[in-house]
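Everything below concerns the one structure shown next.
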Amino acid sequence: MTSLYQERREDEAMGAQSGERLVEVDGLKTYYGEEGGLLGGKPVKAVDGVTFDVHRGETLGLVGESGCGKSTLGRTLMQLETATAGSVEYDGTDITTLSGKKLKEWRQNVQMVFQDPDSSLNTRMTVGELVMEPLNVHSWKTPQKRRERVRELLDVVGLSEEHYYRYPFQFSGGQKQRIGIARALALEPDFLVLDEPVSALDVSVQAKILNLLDDLQDEFGLTYLLIAHDLSVVEHICDRVAVMYLGNIMEIGPVDAIFDEPANPYTNSLLSAIPEPKPNAEKSRITLRGTPPSPRDPPSGCVFSTRCPYKIRPDAYENLDDDVWEGIEVFREVLRERGDVTKSVRDRLRGLLGMETTGMDVEEVVADTFDQLDVPSDVQQYIDEAVEHVERDDLVSAQEVLHEEFGSVCENEEPEQLAVGDTGRVSRCHRHREEYMGTQTYQDVHDFS
């Protein structure tokens, strides 16, 4: 395979071995919309205070549920989206401050491979024109040198010279993704953002593309940020993995450490969903209650607190029956979802006009949640008080009553990224704090992992 990066490959290999930081993200936020507005909406917090590093020559995987902000984070690193706050230092330069000619020059260093090759390739252009386009935009050398580069790139990604004059519709999905990769490599970048690069492909084709990416990294000393929802892909190709939920990085560390012994409750639940090759194999599956909160109004404290099965309880309820505690959490979740600020436009307009909006049958909710449980009287009184507020159409007061009595540190304080073990792994969870390591909550989650 002909090398396009012969002059710098040795330097980048040394950088990978030394753990040199190529990308340093600090407190990065990407919000959409403004506070207030015609209908009183809040901004969507797609990326909300993310901090992590990418080392030169490594592959960092970024995983999480759909809608957690993975792709937005990748596009913000590319400066395809504008950061609301925070910094992204690339090789010592804060790229969030670049614009105009300087931004155009910097983009030669960073390229992106998109999820769907059909939507990322112009069907009216030949393969040669598609791969050459970045070279033309940046006035790279002479037209003859550009044509030579394109043919060289096609050979690098496993395509033939005869494909030069063909159109995208004449290729299979795997071949189209190879075209996209060739296009991304045209300007000799150091860093590639791979946004679900194989999710739209058949399994057999996925393996070929992943092997190609692995070979290209070894050949050219590339650094990857791999965005994926398929955890088996991440385990196969990545050196480290970052787990994302509701715009936050919950855990980050070496891929082997996280897959073998996940430390964060969200990572536990995510990995428990991986299907076992043997249907009869015993496995503890964690089913999360409710749905992810709206990124317009994320929970205070830990963003995972509304769904976390290992949330730290208040001292007074440490020994409360687990089913009763789960019932309380379910009831609070129902009230939260009903009070979600992301109401329909129709409901917002009706509220602004003083008209009645859709209510809830709180008695039915309480019956479904607690009828089969032996609820202590001191717990029941707070449930009854919350019900009274709901019946007066005062969801806010109902939520406050339950929060004041049953709320925990997980809801009240935002957790820090704390070191776990000696592998360089960090996790955003209160239960890694020394004062909570002796609780049953901490023991339970470690028994699972």
Side-chain angles (χ1 to χ4, degrees), residues 39-42 65-67 245-246 265-266 269 273 285-314 316-408 410-412 441:
L39 299 177
K42 297 181 179 181
E65 293 175 270
S66 296
Y245 179 80
L246 206 65
Y266 178 64
S269 62
R285 174 69 187 272
I286 299 176
T287 302
L288 300 179
R289 60 175 173 270
T291 58
S294 168
R296 287 188 184 275
D297 191 24
S300 56
C302 177
V303 292
F304 189 51
S305 62
T306 60
R307 305 175 73 200
C308 182
Y310 300 109
K311 184 164 67 174
I312 299 170
R313 303 183 190 183
Y317 297 105
E318 180 69 25
N319 297 316
L320 182 66
D321 180 79
D322 290 342
D323 291 334
V324 174
W325 177 258
E326 180 67 15
I328 294 169
E329 290 293 289
V330 170
F331 185 40
R332 295 183 64 192
E333 176 69 7
V334 171
L335 296 185
R336 181 191 67 80
E337 290 185 350
R338 292 298 179 119
D340 197 330
V341 295
T342 56
K343 298 177 181 177
S344 67
V345 172
R346 180 181 178 183
D347 281 347
R348 287 194 195 179
L349 287 173
R350 290 175 68 88
L352 290 171
L353 296 173
M355 301 172 65
E356 183 180 353
T357 57
T358 305
M360 65 181 294
D361 187 347
V362 67
E363 296 290 350
E364 183 179 342
V365 173
V366 171
D368 288 342
T369 306
F370 296 105
D371 263 7
Q372 304 301 318
L373 302 177
D374 183 14
V375 182
S377 58
D378 57 337
V379 172
Q380 187 66 52
Q381 64 176 333
Y382 294 105
I383 296 173
D384 293 341
E385 186 178 348
V387 169
E388 291 176 4
H389 286 298
V390 175
E391 290 175 338
R392 292 195 294 268
D393 200 24
D394 188 358
L395 279 174
V396 173
S397 294
Q399 290 172 307
E400 288 177 351
V401 166
L402 298 175
H403 178 266
E404 288 176 6
E405 182 61 23
F406 303 112
S408 75
C410 298
E411 303 167 52
N412 298 326
T441 301

All heavy atoms of Ile312 vs all of Cys410, minimum pair found to be N-SG, 3.5 Å
Salt-bridge present (Arg289, Glu329; N to O < 4.0 Å): yes
Quick one: are Asp321 and Pro376 in side-chain contact, heavy atoms under 4.5 Å? no
Output the distance between atom NE2 (His389) and atom CG (Asp384), rounded to the nearest 0.5 Å. 11.5 Å
If you take all heavy atoms of Ser269 and Phe304, which pair is closest and at what distance? OG-CZ, 4.2 Å
Using 4.0 Å as the upper bound for N to carboxylate O, is an ion pair formed by Arg336 and Glu411? no
Within this structure, what is the CD1-CZ distance for the pair Ile383 and Phe331, rounded to the nearest 0.5 Å? 7.0 Å
Indicate the atoms forming the closest heavy-atom contact of Glu391 with Glu363, along with that distance. OE2-OE2, 2.9 Å
Using distance alone, with no hydrogens and no angle criterion, decide if Tyr382 and Glu404 have a side-chain donor and acceptor under 3.5 Å apart. no
Could you walk me through whether Tyr310 and Ile286 pass side-chain contact (heavy atoms from CB on, under 4.5 Å), step by step? CA-CA 11 Å; Tyr310 300 109; Ile286 299 176; 3.7 Å; yes
Which distance, rounded to the nearest 0.5 Å, do you find between the CG of Leu288 and the CZ of Arg307? 4.5 Å
What are the two closest heavy atoms between Pro298 and Val303, and how far apart are they? CB-CG1, 4.5 Å
Interatomic spacing from CD1 in Ile328 to OG1 in Thr369 - rounded to 0.5 Å: 11.0 Å
Interatomic distance, CZ@Arg338 vs CG@Leu395, rounded to 0.5 Å, equals 8.5 Å
Counting only heavy atoms not in Asp371, do more than 12 sit closer than 6.0 Å to its CG atom? yes
Classify the ring geometry between Phe406 and Trp325 as parallel (under 30°), tilted (30 to 60°) or perpendicular (over 60°). perpendicular
In terms of heavy-atom contacts, Arg313 and Asp322 come closest through NH2-OD1, 2.6 Å
So CZ of Arg392 and OG of Ser397: to nearest 0.5 Å the spacing works out to 7.5 Å
May I ask you to decide if Ser408's main-chain N or O and Asn412's side chain share a donor-acceptor pair within less than 3.5 Å? yes
Heavy-atom pair with the smallest gap, counting every atom of Ser300 and Ser305: O-OG, 4.2 Å
